[in-house]
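Indexing begins at 1, ligand by ligand and atom by atom, following the structure's order.
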Amino acid sequence: MSTGEPYEIPTDGEPIRWEHNAFQVPDHPIIPFIEGDGTGPDIWRATVRAVDAAVAHAYSGRRGIAWMEVLAGEKAYKRTGQWLPEATLEAARRYRISIKGPLTTPVGGGIRSLNVTLRQELDLYACVRPIRYIAGVPSPMREAEKVDMVVFRENTEDVYTGIEWQAGSEDARRLAAFITEELKKPVSPDAGIGVKPMTRRGSQRLVRAAIEYALHNRRRSVTLMHKGNIMKFTEGAFREWGYELAREEYADRVVTEDELWERYDGKMPAGRLLLKDRIADIMFQQVLLRPTEYDVIATPNLNGDYISDGLAAQVGGVGMAPGANMSDGIAMFEATHGTAPKYADLDKVNPSSLMLSAVMMLQHMGWNEAADALYAAMAAAIQQKTVTYDLARLMTDATEVKTSEFADAVIRQLG
Ligand code: NAP
């Protein structure tokens with residue numbers, strides 16, 4: 001089994017390859033998984049059973065996943081003394097598609113966040129979050145079924161680069177003095193200071209990924225969500241660079257809102273994608289008031305963080321929200337909530353976020369039959385009101401089940 005690697009490589013699988021700008025997936029791909037901390041092992045155990053059952057149901061043994069555990073978080077720290085061993089990063093690079101549960105953010109120890117480190121080390125520049133309503137899930141919306149959006153959040157730039165100085169520190173004071181005296185922009189000497197770097201390359205590769213996704217999946221529009229009216233050279237530049245990219249690379253496939261009225265009298269030409277932009281604050285109103293007008297959303301890091309969770313709430317909260325972090329050639333699918341440590345090992349929490357992320361993963365692999373089967377089985381279990389505590393407390397007449405029992409219910413639906 002072991003070949004001297006720091007993880008055990010399954011002998012019954014092969015690596016996924018990246019060729020001609022696409023994943024080449026063998027029938028028995030090796031897929032690394034990180035089970036995660038806190039409630040991670042509970043939701044992972046449930047998810048892996050449901051995924052294997054969906055794949056078996058769809059392909060009758062012709063295809064199957066060779067799972068390979070790799071370590072991160074508390075389990076890694078206990079076994080190796082490192083929170084994020086290099087071998088784990090190497091496995092994500094080498095095997096290309098992986099999946100993870102939530103990870104504790106270590107307090108102290110020099111790592112700000114394992115998730116942010118993973119994204120930066122692997123240059124996973126797009127955080128992709130589909131937000132789609134499953135009938136029966138309790139939602140604060142009257143017509144939650146109208147919500148069907150996919151957020152592409154830039155993952156590597158913006159205020160998340162963590163370049164900041166504490167108020168009162170020597171560096172903050174020096175920087176305030178430099179900005180005030182040399183750059184002639186007054187900054188109070190007692191200010192805390194953060195930096196928001198954003199580049200044309202970083203913005204355009206994110207917008208490109210969103211446009212490619214929208215074209216490939218026949219979505220209607222991509223909206224650039226920004227706060228460019230205030231932050232002109234960062235968020236405003238994101239908007240400009242987005243339109244520039246569309247002009248340079250997608251002129252024959254994308255129509256901007258201005259062009260729609262100037263050239264097409266407001267009627268969208270067939271087969272084209274609409275590119276528009278909205279200021280972030282109004283966007284938060286519009287996704288609530290007129291959700292059908294929004295489809296794919298491309299946005300810088302901080303806006304993306306807020307809008308992803310805001311939209312997730314509209315369809316039932318983070319317990320139901322899937323996600324992935326991607327670059328060209330590496331994709332890591334993940335539960336979008338945290339480790340919910342107070343419920344660890346209680347077999348209690350909702351595994352749907354990780355299961356829906358596995359649905360995304362199967363779609364990404366081109367295993368659409370298994371993805372559709374798993375999604376339909378989850379939807380059927382939820383419609384029958386067989387749900388975990390978080391949904392049960394918001395529903396009438398629900399049967400509250402444990403994490404593992406929800407997986408059982410999904411597997412029963414697969415027949
Ligand atoms: P959290 O773990 O997401 O939990 C907050 C609350 O959300 C829980 O108490 C629970 O609410 C609900 N919840 C979360 N997951 C759920 C699930 N699967 N099913 C049902 N309900 C769920 O957030 P946190 O307590 O702020 O963070 C805990 C740790 O997770 C921290 O170390 C944080 O850094 C880390 N974290 C990791 C990730 C990641 O790995 N992607 C993301 C966020 C946070 P109720 O108690 O009200 O039922």
Side-chain angles (χ1 to χ4, degrees), residues 33-47 50 70-77 83-84 88 92 98-109 111-122 124 127-129 134 137-140 151 153 155 160 162 301-302 304-306 308-310 312-313 315-326 331-358 360 378 381-382 386-395 398 400-407 410:
F33 69 90
I34 297 167
E35 66 175 14
D37 297 325
T39 49
D42 278 346
I43 61 173
W44 170 252
R45 275 191 293 272
T47 299
V70 295
L71 301 178
E74 286 166 359
K75 197 167 177 179
Y77 190 70
W83 290 97
L84 185 57
T88 298
S98 55
I99 186 164
K100 66 176 271 291
L103 293 171
T104 303
T105 298
V107 179
I111 292 190
R112 212 155 43 90
S113 153
L114 288 176
N115 294 303
V116 173
T117 308
L118 264 172
R119 289 169 203 169
Q120 287 177 348
E121 288 291 322
L122 298 171
L124 302 174
C127 175
V128 184
R129 294 261 210 111
I134 295 182
V137 174
S139 158
V151 178
R153 162 188 170 192
N155 235 350
Y160 281 72
N301 210 336
L302 182 60
D305 197 358
Y306 297 155
S308 300
D309 273 24
V315 298
V318 288
M320 296 299 300
N325 293 296
M326 298 183 190
M332 186 175 271
F333 296 82
E334 67 171 2
T336 55
H337 53 73
T339 58
K342 65 183 171 184
Y343 302 119
D345 301 320
L346 297 183
D347 197 17
K348 184 175 173 73
V349 297
N350 191 346
S352 294
S353 172
L354 193 59
M355 274 190 200
L356 289 169
S357 300
M360 276 180 88
M378 289 179 68
I382 290 167
T386 313
V387 290
T388 44
Y389 85 98
D390 52 316
L391 300 185
R393 69 186 165 189
L394 301 172
M395 294 162 107
E400 182 179 324
V401 292
K402 294 171 188 280
T403 315
S404 56
E405 292 168 342
F406 181 73
V410 170

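Residues of the protein with a heavy atom under 4.0 Å from ligand 1 are K100, P102, L103, T104, T105, N115, A335, H337, G338, T339, A340, P341, K342, Y343, V349, N350, Y389, D390, R393, listed by chain and number.
Among residues two or more places apart in sequence or in another chain, the salt bridge (Lys or Arg N to Asp or Glu O under 4.0 Å) test is passed with E334 by K100, R119. Residues satisfying the salt bridge (Lys or Arg N to Asp or Glu O under 4.0 Å) test with D37, not counting sequence neighbours, are none. Checked against salt bridge (Lys or Arg N to Asp or Glu O under 4.0 Å), D390 has no partners two or more places apart in sequence or in another chain.
Ion pair R153/D305 flagged as a salt bridge, since at least one NZ, NE, NH1 or NH2 atom sits closer than 4.0 Å to an Asp/Glu carboxylate oxygen. In summary, D309 and R129 engage in a salt bridge, as defined by a charged side-chain N under 4.0 Å from a carboxylate O.
Within 6.0 Å of OH in Y306 there are 12 or fewer heavy atoms belonging to other residues, nucleotides or ligands.
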